[in-house]
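What follows is a short report on a single structure.
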Amino acid sequence: MNPAAELPLLHDLNPDQLAAVTCAGSALILAGAGSGKTRVLTTRIAWLIQTGRCSPPGVMAVTFTNKASKEMQTRLAAMLPINTRGMWIGTFHGLCNRLLRAHHRDAGLPELFQIFDQADQLAAIKRVLKQLNIDTERFPPRTVQNFINKNKEAGLRAAKVDAWDPFSRRLNEIYAEYDTQCQREGVVDFAELLLRSYELLTKNALLREHYQMRFQQILVDEFQDTSQLQYAWLKLLKGAHAALFAVGDDDQSIYAFRGAYVGNMGQLMEDLALPAPIKLTQNYRSHSNILDAANAVIAHNSGRLGKDLWTAAGAGEPLRHFKAWNDTEEARFIVEEARTLHAEGERYSDIAVLYRANAQSRAIEHALFSAGVPYRVYGGLRFFERTEIKHALAYLRLLANPEDDNAFLRVVNFPARGIGARSLELVDEAARVGGISLWQAACGAGAGTGKKGLAAFVGLIEAMQSECAILPLQEKIAVVIERSGLLAHYRHEKDGADRVENLEELTNAAVAFAAESEDTTLVGFLGHAALEAGEHEAVAGQDAVQLMTVHAAKGLEFHAVFLSGLEEGLFPHENASAEADGVEEERRLMYVAITRARRRLYLLHAESRMLHGQVRYGIPSRFLDEIPPALIQSFSVPRAPSYAGVSMSAAPEVTVAQAENQPFKIGARVTHARYGDGVVGGYQDQGADTEIRVSFPKIGDKWFIVTLARLTAR
DNA sequence: CAATCAAACATTTTT
DNA sequence: TGTTTGATTG
């Protein structure tokens, strides 16, 4: 036994984990799904420090999500008696932000530079396009945004981009102008955070050497998702002597479309002359039937680093493959099965429904909703992305940095204060001619001409500025949402109650931020808002079925997983076949999906599915065929071909089971599990299902599927 | 300026 | 099919 294993913190690591944790120098860890990756990462940091191999300030640990970085910090705090504050633990973007804040002058940025999120970036691009008088039909803002981000992620400034054809040349001109605008306004987008700090370290030898000296141990999570620029950034920081500990899984690389480059794994081995990756293949999550299925599917990919997952747990249940006639039946199956599982003692929150595309959630939500089964959909708008919050943040940004034209435009006339397109055009003109910001132009216009609205707006911002100057963060926010008129505006709006609540919640967010980060500055909070859009997760304590895309499920696990829509064209998605290695990436996505399940996995496919308002007939996904049949139990519900979607010519079975289809008389008083008392308003045939309309006094009319709705007579 | 309407459109999205 | 975007209109 390795003497190192005497340390309590290394107890019950398996041999591979132990080898990874205690390895010397740089390493690539190939960490399969559910193999204890996070544990290895945090234990290594703790081990490095406890054995005196590294001091806390010598550690940098990089993740992709705030969630992952928080989890790492929490676990470390539990393992180490010391404060983890000396370490740099955070996301790529968070750490770059930190670097640029500390050296803003060297990076050529104003002290209070602001961060654009995707939406801000898009708005800024639209402004550039307008200014350059560019036809947005030929150059859609999204295309421009992709072009800019792709190039930044590849480390290329506009001057370095190879643009030969007229189209890319024009795109590149827009890129250049966009960057100029950002620089003028003192804002950086997400990709810019990376590129700017990379350039800072490249150009500034003193700084580079300082950080290379400081960080002796650099650890990276989800290494397969790094972009080329991120990898270059890591290598730069690593320098000649530090150790780079990269943990990742090439089989779970599903973000190529966002610039992730799996090739970095092979490149790392080559660059650092590493012998072979350390493979963590023991899975602590799933039964072997599930793992065997995952292994079999992913084996169809080429160019893998290569690994098979195994488990000490038993075979477990077979996978269940359900063939539904259509998406409605698929959804109904999920509901019934979820209810059964729940009745058997499973918590709803341990059940997940995964799908390839968000649009698939609707049918499932509808069925769950009608049946009164609690559920939660991941992936909607997050807190800091809500319009009312963005408005409030824009006011705050304007206070911190009046040059921010994006923020200016967002709030100059919101709430409406009589500043129309005409006035704004004049301001815009003045700004362009004078080479000044909209804010400066507005100050001039407000004072000089008789533009009352503008003068009032300028006065308002200035008043808020002086009023807020000495207030603590949360009071600044309170003042801004009040004085700006945002609160009043939403209070008067009919459906504004939620928005008012969110605005008030913003002050709480500020308090929480100040407490957690010990940063009480406005700019600190704004950075936090841009880099951490807020939680996506379910409210703790609420027991609900989890609905999400397969992408969103990465890193999560559930007792039971329903994988819906396993049809050619949907999963693998039809667009994927056009992309290089597209199908292989879809297969990795399938691999991620399968490995989410602990005990039970349902594979669902529907013969016909309503897609974009049209019935589409799908053949079962090739991925189903790639799973050994011995692992699968297949079944379906026999059904007469009377469903309109299946056969247009078949006569509808109107006379069958009429009583069962319409269990309540119209006008009957019923009670619903969720909505309480109501009155039956009518019925409607919806393909295979009959729907019932119930009027609730407070809520209004609701439609339910008769066979699913939990209605009782009263 | 808000409200309404037709047209376009619909993978995935850690920051 | 359902949502989002933009253009038109009162």
Side-chain angles (χ1 to χ4, degrees), chain A residues 62-71 90-97 115-122 126 136-137 140-142 145-146 149 152-153 188-194 221-222 224-227 229-230 252-260 327 354-363 365-366 378-380 382 384-385 413-422 453 493 527-536 548-556 565 569-579 582 585-586 588-590 592-593 609-616 686:
Chain A
V62 199
T63 63
F64 275 88
T65 64
N66 294 297
K67 193 178 156 202
S69 110
K70 255 188 217 143
E71 188 183 347
T91 63
F92 276 101
H93 295 84
L95 296 179
C96 286
N97 182 35
I115 301 167
F116 271 180
D117 66 14
Q118 296 281 27
D120 296 324
Q121 186 188 34
L122 196 63
K126 284 180 184 165
T136 50
E137 299 274 285
R142 292 242 169 245
Q145 188 177 30
N146 276 335
N149 290 337
K152 286 194 179 186
E153 271 154 26
V188 297
D189 57 49
F190 287 147
E192 184 72 23
L193 281 170
L194 262 309
D221 191 18
E222 305 277 19
Q224 78 283 351
D225 288 338
T226 50
S227 68
L229 179 60
Q230 283 161 341
Q252 292 190 71
S253 164
I254 55 174
Y255 283 108
F257 71 94
R258 273 187 109 270
D327 46 350
L354 308 185
Y355 34 79
R356 175 67 243 267
N358 284 310
Q360 287 167 256
S361 76
R362 193 165 305 129
E365 282 182 67
H366 178 79
Y378 282 65
R382 294 185 290 181
F384 289 111
E385 290 168 352
N413 195 36
F414 193 94
R417 45 176 74 89
I419 300 172
R422 246 187 350 273
E493 213 176 61
H528 166 80
L531 292 176
E532 191 167 350
E535 294 298 314
H536 250 337
M548 66 192 86
T549 63
V550 180
H551 280 92
K554 196 177 117 181
L556 306 178
L570 229 202
F571 199 175
H573 198 276
E574 55 195 346
N575 295 0
S577 52
E579 293 157 22
E585 175 133 332
E586 294 289 302
R588 292 192 289 268
L589 200 50
M590 179 71 182
V592 168
R609 178 179 299 278
M610 194 64 105
L611 210 61
H612 308 330
Q614 235 138 37
V615 178
R616 293 222 342 202
Q686 280 287 88

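Each chain gets a letter, A, B and so on, in the order the sequences are listed, and its residues count up from 1.
- Atom CZ of A:Arg417 and atom C1' of B:dA2 are 17 Å apart (whole Å).
- Residue A:Asn149 has no polar side-chain atom (N or O) positioned under 4.0 Å from OP1 or OP2 of B:dT15.
- Taking atom C1' on both C:dT3 and B:dT14, the two are 25 Å apart, rounded to the nearest angstrom.
- Side-chain atoms of A:Glu585 come within 3.5 Å of backbone atoms of A:Ala256 as a donor-acceptor pair (strictly under, hydrogens ignored).
- A donor-acceptor contact under 3.5 Å is formed by the side chain of A:Gln118 with the base of B:dT15.
- Of the side-chain N and O atoms in A:Asn66, none sit less than 4.0 angstrom from OP1 or OP2 of B:dT14.
- A syn base is found at B:dT11: its glycosidic angle is within 90° of 0.
- Here A:His551 does not pack flat against the base of B:dT12, since the 5.5 angstrom centre distance and 30 degree tilt limits are not both met.
- Ring planes of A:Tyr255 and A:His551: tilted class, angle from 30 to 60°.
- Residue A:Leu611 contributes atom CG, which lies 11 Å from atom C1' of B:dT11 at whole-angstrom precision.
- As rounded to whole Å, 13 Å separates atom P of B:dC9 from atom CZ of A:Arg142.
- Ion pairing of A:Asp117 with A:Arg382 is absent here, as no side-chain N (NZ or NE/NH1/NH2) approaches a carboxylate O to less than 4.0 Å.
- Comparing atom distances between the A:Arg362 side chain and each of B:dC1, C:dG2, B:dT13 picks out C:dG2 as nearest.
- To the nearest angstrom, P of B:dT11 lies 15 Å from OH of A:Tyr355.
- The interatomic distance linking A:Arg258 (CZ) with B:dT14 (P) rounds to 7 Å, in whole Å.
- Taking the side chain of A:His93 as heavy atoms from C-beta on, and the options B:dT15, B:dT12, B:dT14, the nearest nucleotide is B:dT15.
- A:Gly94 comes within contact range of no nucleotide atom at all, as no heavy-atom separation falls under 4.0 Å.
- The CG-C1' distance, from A:Asn575 to B:dT12, rounds to 10 Å in whole Å.
- Both A:Glu586 and A:Asn413 lie near DNA chain B, and the one whose nearest nucleotide falls closer to the 5' end is A:Asn413.
- We find the CD-NE2 distance between A:Glu586 and A:His573 to be 7.5 Å, quoted to the nearest 0.5 Å.
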Handout entry: Residues A:Gln145, A:Gln121; criterion side-chain hydrogen bond (donor to acceptor under 3.5 Å, both in side chains); working and verdict
Key = CA-CA 8 Å; A:Gln145 188 177 30; A:Gln121 186 188 34; 2.9 Å; yes

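- Here A:Phe257 does not count as stacked on B:dT11, because the ring centres are not under 5.5 angstrom apart with planes under 30°.
- Between the CE atom of A:Met548 and the P atom of B:dT12 there is a distance of 15 Å, given to the nearest Å.
- A sub-4.0 Å separation between OP1 or OP2 of B:dT12 and a side-chain N or O of A:Asn358 is present.
- Among the heavy atoms of the strands lying under 4.0 Å from A:Tyr255 is at least one base atom, whether or not backbone atoms are also near.
- In this structure, the nucleotide among B:dT14, C:dT1, B:dT12 sitting nearest to the side chain of A:Met610 is C:dT1.
- With rounding to the nearest 0.5 angstrom, the CG atom of A:Leu570 is 7.0 Å from the CZ atom of A:Arg616.
- The gap from the P atom of C:dT4 to that of B:dT13 amounts to 15 Å, rounded to the nearest Å.
- For the pair A:Phe64 CZ and B:dT13 P, the computed distance is 16 Å after rounding to whole Å.
- Using a 4.0 Å heavy-atom criterion, one finds that A:Glu192 contacts no nucleic acid atom at all.
- Between A:Arg382 and the phosphate of B:dT14, there is a side-chain N or O to OP1/OP2 separation shorter than 4.0 Å.
- For A:Thr549 and B:dT11, the shortest distance from a side-chain N or O to OP1 or OP2 is not below 4.0 Å.
- Within 4.0 Å (heavy atoms only), A:Gln121 reaches no atom of the nucleic acid at all.
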